[in-house]
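See structure below.
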Protein chains: 2
Amino acid sequence: MQSSAAPKDSGAGPGPDPDHPRTPLEPSTEPRTPSEPSTEPRTPSEPSTDPHTPFELSTDTLHPSLTDPVLSSMNLLNEVAHRFPDAISFAPGRPCEDFFAAEDIHRHLRTFCRYLTEERGLTTAQVDRTLCQYGPTNGIIQELVARNLAADEGMDVDPATVVMTVGFQEALFLVLRALRTDERDVLLAVEPAYVGLTGAARLLDLPVRPVAGTAATGVDLDDLVAQVRRARAAGLRPRACYLVPDFANPSGAGIGLDDRHRLLALADEHDILLLEDNPYGLFHGHRERLPTLKALDRARRVIYLGSFAKTVLPGARVGYAVADQPVRDSATGRTAPLAAHLSKIKSMLTVNTSPIAQAVVGGKLIEHGYDLADANARARERYARNLDQVLDGLARRFRSRAGAPHTVGIEWNTPTGGFFVVLTVPFTVDDDLLEHSARRYGVLWTPMCHFYSGAGGDRQLRLSVSLVTEDEIEEGLDRLAALVAERCSRPGDRPAARSTR
Amino acid sequence: MQSSAAPKDSGAGPGPDPDHPRTPLEPSTEPRTPSEPSTEPRTPSEPSTDPHTPFELSTDTLHPSLTDPVLSSMNLLNEVAHRFPDAISFAPGRPCEDFFAAEDIHRHLRTFCRYLTEERGLTTAQVDRTLCQYGPTNGIIQELVARNLAADEGMDVDPATVVMTVGFQEALFLVLRALRTDERDVLLAVEPAYVGLTGAARLLDLPVRPVAGTAATGVDLDDLVAQVRRARAAGLRPRACYLVPDFANPSGAGIGLDDRHRLLALADEHDILLLEDNPYGLFHGHRERLPTLKALDRARRVIYLGSFAKTVLPGARVGYAVADQPVRDSATGRTAPLAAHLSKIKSMLTVNTSPIAQAVVGGKLIEHGYDLADANARARERYARNLDQVLDGLARRFRSRAGAPHTVGIEWNTPTGGFFVVLTVPFTVDDDLLEHSARRYGVLWTPMCHFYSGAGGDRQLRLSVSLVTEDEIEEGLDRLAALVAERCSRPGDRPAARSTR
């Protein structure tokens, strides 16, 4: 929570709340809005009608999610970043800011308006109405998104099965709302899992059951099957499994081609849906990209959740769901795609996604011939270079020349793309250590324990490579190494026989 | 539902889904996106793994809201409008389109960026980041909104108690999510009620109990108290009462000053919150404006739900909640404003409201010195003139010179502002009659029955005055009069002794 002395104005500075990158630490140095208001509400100008029992609410009478640590973790981490604005930050998963500018917004809007006039044949009044008036619930750029998915992912998507949303997060929420019928429904999620998944499920009182993730293969398929069986044996209905097959947040892990095919077969065999979240797929480093689950999906088992936050502009807040599953109306016998049902939910949640924001995304898509892989070539190179530099930097600092670790218990994975690397250390990693790291060493990162529902990740931290410069990486890793050295020299924290991975 | 032959492209035309105006009929003539995808999902390019039992979902296994007529009513009405694009429409509550243009978006954005540079002292990189990057969950223009509320409503609002949202609708959803703790919680709402209220509550399995509305005073205060007592006697917890004190949608009714004071006293006495929705307050016709409930609120009983859809631009999709109620954390004993809790929910629902969209609204606020009453002077005149013309037109068509109705059972209310008039007729008004009206007479309106949870409004229709021209009003009322004459001449529908209002 912010102290009441924190600056109140809200016009300044970007905010700390990322979508997919999902760590909320804020590296900017300018004063900015606290993400949470002051803890001391001002005294009302007149007393309550009964001054002896002034009206107040209690967390006891609000939805239980509001006291769930998951919903507060973002704010907690933001708060650390806010207090240490000069720290080098490996925390936020936001895209690199060198690749966008406010002036682009104007160009994208004009491109989209030209498309409406020239390709769609709209009059000026109709163009004005398209951007300024309310819009269709499902959106105004589904056709362009389908072209983009064809260009970037080789996916053949009917625009009628696409719902444009306020970022990936709303798309996820719509799907979870549709699938959560009653208290018997549960969701599976590969752990460690993005907090936005856990938080959205919490808002809907939808339990999340963890499926073991592995650094090597992304998901433990045997555990997936075991979890489905265990849930069914308990009288529950596992509806879907959430996963990020490409360079997952927070683990950086990826799922291989054979396992993708196996996953689809298992989903069909065990009658569950797969929720595929793919914000980082285009940032595939120097290796070939694998097809998405949705591109391989022949049985309509995959709901694809898309984001333009990393590939177009986070500030547009535009994402989408591809939901082509036929839904039979039990009363009429007619079928409609799941997207039509998500649209009904959306109409009561946000009515429609800002057509201005969609126009910005649409304009960029048009400018690049719908090919965001091409549009993001420079960004991809940047992230790949940063990832290599972080991995090399870890090796130089934590491995002997023979390749063995200097210190027992120090390990890290080697993702081939995306934004994230997970470092395992031989001491406890928690919010207190983050505070210490920020205060004493001026370096920020994300404790992995935030991504586990139970125990897990307590000796791990996530390093994000997307927002740091070359110099910051070297200096930041030096600072991190100093923190590690300090902790490893403390008797109580010295690596024991216990394996930390 | 759209037939599969409906145009699929989504780039064209504004959509039919309004926020507050809340009737989804679409008067535009250009081809546009169906608000719901095709009913016939395409055949998958390869068969399911088991061709005999292809995978499909059933509405039986989706959340019950999806088969609730409330969630489908918007789409149903859209569909009628879509099939009769040339009809004169008194249906949509969207703001008049003569007052905005796509070019304004560019100017507003530049104004906001200049403010960031000149008033807030941001560098170009910081401005770029503010608009393009993720932003704070609570928003970036709360300070400007507070200045607007001071200018327009005489309200003294701490920006730290404001949460910027994706339109009014998300603000409402955040509040309902916070208040709905378990199955004992219920919401009260003045009926007839906006379908967006009923729909949002349905998504959260939160029962809505109707409070009688009256055309004269807006809300029946005795019934409010009776409903609170009845709910408590049934072991339930009435948490709040939703109302639109100024020119309500759909009734057009308003609440007088004395009743506003009484409402606040009753809320305190009976320990409930008031959810004040105020999209039409600035369109007060030719009378003086009354203070909002929130402006009169000394006991923090009012959560104010704001919208810029009517006063700035619907396409920005920006609204907000003012939630200054102190919430005590039962674990720590510390208090924080309810806004801080709404922010936690928002972080898992939409992460943050597009800073680009907020910048558009912020720019307009700055351009008009935060005074939207002044900025909307021409719009207010237009709506007031239209309202007068509709009321006069009804009188000319349905009253004798002596002022008595031509036909028993034809009545209408006389709102002093806002967008809506309710016409009562001596025959059943339903979706079938709307279809008949569109096909035979080329005039659209909204059946009032959609705004009632049980019986109610079955002989009433809503006329919206915001989007029609002078000529359309005369021609449209002629067509409506022809429909009324036809129905009144049918033996079965002839007015009986039964009073219809």
Worksheet item: Do you see a donor-acceptor pair shorter than 3.5 Å between the side chains of B:S330 and A:T59?
Response: yes

Worksheet entry | Distance, nearest 0.5 Å, that separates CG of A:L109 from NE2 of B:H106 | 5.0 Å

Worksheet, complete the sentence: Counting heavy-atom pairs under 4.5 angstrom with chain A, the leader among B:A331, B:A357, B:A316 is B:A316

Practice prompt. Give a yes or no on whether the backbone of B:Q133 and the side-chain of A:R94 come within a donor-acceptor separation of less than 3.5 Å.
Written response: no

Item to complete: Starting at CG of B:L204, measure out to CE of A:M348 and round the result to the nearest 0.5 Å.
Response: 12.5 Å

Discussion item. Counting heavy-atom pairs under 4.5 Å with chain B, which one of A:C113, A:S72, A:P64, A:G121 comes out on top?
Written reply: A:S72

Item to complete: Identify which of A:V127, A:V360, A:V163, A:I345 forms the greatest number of heavy-atom pairs closer than 4.5 Å to chain B.
Response: A:I345

Discussion item. If you count heavy-atom pairs within less than 4.5 Å of chain B, which of A:A146, A:P314, A:A125 leads?
Written reply: A:P314

Item to complete: Calculate, to the nearest 0.5 Å, the distance between atoms NE2 and NZ belonging to B:H63 and A:K344 respectively.
Response: 12.5 Å

Discussion item. So does B:V351 get a backbone contact from the side chain of A:Q169, meaning a donor-acceptor N/O pair under 3.5 Å?
Written reply: no

Practice prompt. Taking side-chain hydrogen bond (donor to acceptor under 3.5 Å, both in side chains) as the test, write out the residues that go with A:T350, two or more places apart.
Written response: A:E170, A:K346

Worksheet item: If you round to the nearest 0.5 Å, how far is CG of A:L62 from CZ of B:R180?
Response: 13.5 Å

Discussion item. Between A:E103 and B:D128, does the side chain to side chain contact (heavy atoms under 4.5 Å, CB included) criterion hold? Intermediate values first, please.
Written reply: CA-CA 8 Å; A:E103 203 49 44; B:D128 287 346; over 6 Å; no

Fill in: chain A contact via B:I105 - side chain, backbone, both or neither, heavy atoms under 4.5 Å
side chain

Fill in: Region of B:T353 in contact with chain A, defined by heavy-atom distances below 4.5 Å
backbone

Discussion item. Within this structure, what is the CG-OG1 distance for the pair A:L179 and B:T61, rounded to the nearest 0.5 Å?
Written reply: 8.0 Å

Worksheet entry | Heavy-atom donor-acceptor pair, B:R177 side chain to A:L203 backbone, under 3.5 Å | yes

Discussion item. Less than 4.5 Å to any heavy atom of chain B: does that hold for the side chain of A:R239, its backbone, both, or neither?
Written reply: side chain

Worksheet, complete the sentence: In this structure, CG of A:L57 is separated from OG1 of B:T335 (nearest 0.5 Å) by 11.0 Å

Worksheet item: Checking B:L338 against chain A: side chain, backbone, both or neither under 4.5 Å from a heavy atom?
Response: side chain

Worksheet item: Given that the side chain runs from C-beta out, which part of B:D271 has a heavy atom under 4.5 Å from chain A: side chain, backbone, both or neither?
Response: side chain

Discussion item. So which residue, A:T165, A:D182, A:L349, ends up with the most heavy-atom pairs under 4.5 Å with chain B?
Written reply: A:L349

Discussion item. Please classify the contact of B:R237 with chain A as side chain, backbone, both or neither, using a heavy-atom distance under 4.5 Å.
Written reply: neither

Worksheet entry | For chain B, the option from A:G199, A:C132, A:A101, A:A102 that forms the most heavy-atom pairs under 4.5 Å | A:C132

Worksheet item: Relative to chain A, which segment of B:F100 carries a heavy atom at a distance below 4.5 Å: side chain, backbone, both, or neither?
Response: both

Item to complete: Determine, stepwise, if the pair A:T181 / B:D60 fulfils side chain to side chain contact (heavy atoms under 4.5 Å, CB included).
Response: CA-CA 9 Å; A:T181 311; B:D60 290 339; over 6 Å; no

Practice prompt. Could you list the residues that satisfy side-chain hydrogen bond (donor to acceptor under 3.5 Å, both in side chains) with A:S354, not counting sequence neighbours?
Written response: none

Discussion item. Quick check for you: among A:A178, A:A200, A:G362, which has the greatest number of heavy-atom pairs under 4.5 Å with chain B?
Written reply: A:A178

Worksheet item: If you look at every heavy atom in B:P95 and A:Y134, which pair is closest and at what distance?
Response: CD-CE1, 3.9 Å

Fill in: Side chain, backbone, both or neither of B:L273 within contact of chain A (heavy atoms, under 4.5 Å)
side chain

